[in-house]
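Atoms within each ligand, like the ligands themselves, are counted from 1 in listed order. Nothing fancy with the numbering, it's 1 onward along the sequence. Worth saying up front: this structure is predicted, and the values here are computed from it rather than measured.
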Amino acid sequence: MKNFLSIDQGTTSSRSIIFDANLNLVTDAQEEYDLTYPEDGWVELEPMKIIETVTNTLKKVVSADIGLEACGITNQRETTIVWSKSTGEAIYPGIVWQDRRTHEYCSYLKSNGHEPVIKEKTGLLLDPYFSATKIKWILDNVDGAREKASRGELLFGTVDSYLIYMLSKEKNHFTDVTNASRTLLFNIKSMEWDDELLELFEIPKTMMPKVLSCDGDFGNLKINDCEIPIRGVIGDQQAALVGQGCFNNGDMKSTYGTGCFLMVNTEEKPLNIDEGLLTTVAYQLGDKVHYAIEGSIYSSGTIIKWLRDKMKFFESAEDSEKYLNKKGNSNNVLFLPAFNGLGAPHWNSDIRGGFYGLTQDSSIEDMVTAAFHSISFQTKEITSILQEYDIQITNLSVDGGMVKNNAFCQLLADTLNKKIIQPKNVESTAIGACKVCMLASGLSIYGTKNDDVNVFTPNTELTETYDRTFNDWRSYVEKSLSSN
Ligand code: ADP
């Protein structure tokens, strides 16, 4: 039996998972790591910690007798690393996708009228979330960086690229189309780095990795005396789309990890939606490019982590379920999920989080329930926009760390008034990367849709309550945005 390795480098942990050719899990290892928050709105990671945690997990699962045919990599997207071409050492910590430090620069570019061209070329908005302004910030703020970059001595990459550079035998400086499409520098129509955008953001082209299709030949991973061809690279949200078997027009998934990302496959059509949703590359397999519409929400599981680690309301993320009121009653407490601003559909970097409606009777249950509501209400804002564009939603396939929580899945069904499909194996991201490297190895994966699912059906008795709370929550968000 052939086996395949999936490396899943996420915002909270690194994982190595081995699947067989039927996508059954053979073995896996996981290691968490910490992000740092040096200033308000700043989020950083230590690039060597990424290499270390990935390597540690690889060492636990890879051995010569396990028979690995190929490897796929999936990763947190947009997170920006700039490193020395000669040593591989990062010249600054990785700037994480959630980081908002460049919002003033983005506003400046917006006020100079650059956003429409950027949206046209990249499908994205002018926002700190994407890599371009993070690269520029590093070049402008690290001593000597700009000079070194202009001499061709520095390289840029998202996490996939850094992993390939550091762990491939060939030291390849490569990335794939999905990660490239999140940089604000990649033209998603011509499928190449855009010279005009590189010039606008003052980034030398010599820093940019070579872009391959997701199923390209990325080199050979060397670990525990084994050499494994890297034959799949795909950003985490796109990987979840593939993992969930969303290959056709209108197929949709929503992933609830640190943030929440809803994505709809639009096949060959790069659809444009103006209300704060992004157009992005879903994947390229061989020559064929599929596009997607994406709703990106910054804060989802991170809210649960905050309630656990900072508020000390419960000891484990699983325990959060006990505090969620199943009838939708938060006693009028509302939560604004804006630790780092709000993403889709508002895209506001300045706003910060808060609770509203607290009284002396408010309890932990009310606050936790309000926090869960804010996660499902953010999804509802996006599904409402999609419906205005005639994208019909009957079911929503979900995955990510949070959807192990059945009460949360039921809440999604009740608030969205849609059937929620939860695969029994919620590791869609890792499965997606595995599917891509299986395809590249000549195996067929179409038809391997996750059939083993739980379905959560909306409780229509709660529709009125949730609709009312949703409207109250919307007003609270709008008021907070306008007073900001
Ligand atoms: P990422 O890929 O972004 O690192 P994961 O998909 O691994 O994230 O999901 C981890 C997130 O899910 C954490 O933020 C954690 O708080 C949240 N989480 C994990 N289990 C639960 C649970 N049972 N209920 C609610 N949230 C959970």
Identify the closest protein heavy atom to [atom]: which residue and atom is it, and at what distance?
{"atom": "atom 1 (P) of ligand 1", "answer": "Thr258 OG1, 3.6 Å"}
{"atom": "atom 15 (C) of ligand 1", "answer": "Gly301 O, 3.9 Å"}
{"atom": "atom 20 (N) of ligand 1", "answer": "Gly401 O, 3.4 Å"}

Which atoms from ligand 1 have a heavy atom of [X] less than 4.0 Å away?
{"X": "Glu318", "result": "23 (N)"}
{"X": "Met402", "result": "12 (O), 17 (C), 26 (N), 27 (C)"}
{"X": "Ser320", "result": "24 (N), 25 (C)"}

### Query
Backbone N or O of Gly343 within a donor-acceptor pair of the Ser296 side chain at under 3.5 Å?
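No, because the side chain of Ser296 does not come within donor-acceptor range (under 3.5 Å) of the backbone of Gly343.
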### Task
Answer with side chain, backbone, both or neither: which part of Thr302 has a heavy atom less than 4.0 angstrom from an atom of ligand 1?
backbone
### Query
Taking only residues two or more places apart in sequence, or in another chain, which ones meet Cys434 in a side-chain contact (heavy atoms from CB on, under 4.5 Å)?
Phe4, Ser6, Phe19, Leu23, Met438
### Task
With sequence neighbours left out, write down each residue that passes side-chain contact (heavy atoms from CB on, under 4.5 Å) with Asn395, or none if nothing qualifies.
Lys419, Ile421
Below the 3.5 angstrom mark, is there an N/O of [X], backbone or side chain, next to an N/O of ligand 1?
{"X": "Gly400", "answer": "no"}
{"X": "Asn405", "answer": "yes"}
{"X": "Tyr256", "answer": "no"}
{"X": "Thr12", "answer": "yes"}

### Winner among Ala430, Gly10, Ala317 once heavy atoms are compared against atom 21 (C) of ligand 1
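The nearest heavy atom belongs to Ala317.
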### Task
Taking atom types as modelled, find out whether Asp160 and Thr175 have a side-chain donor-acceptor pair closer than 3.5 angstrom.
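On atom types as modelled, these side chains qualify, holding a pair under 3.5 Å.
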#### Entry: Salt-bridge contact Glu381-Arg474 (side-chain N to carboxylate O under 4.0 Å)
yes
#### Entry: Electrostatic pair Glu294:Arg182 at N-O distance under 4.0 angstrom
yes
### Query
Which heavy atom in Lys134 sits nearest to a heavy atom in Trp97, and how many Å separate them?
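Heavy atoms only, the tightest pair is NZ-O, 3.4 Å.
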### Message
Tell me whether Arg77 forms a cation-pi arrangement with Phe261, defined as NZ or CZ under 6.0 Å from the six-membered ring centre and within 45 degrees of its axis.
### Response
yes
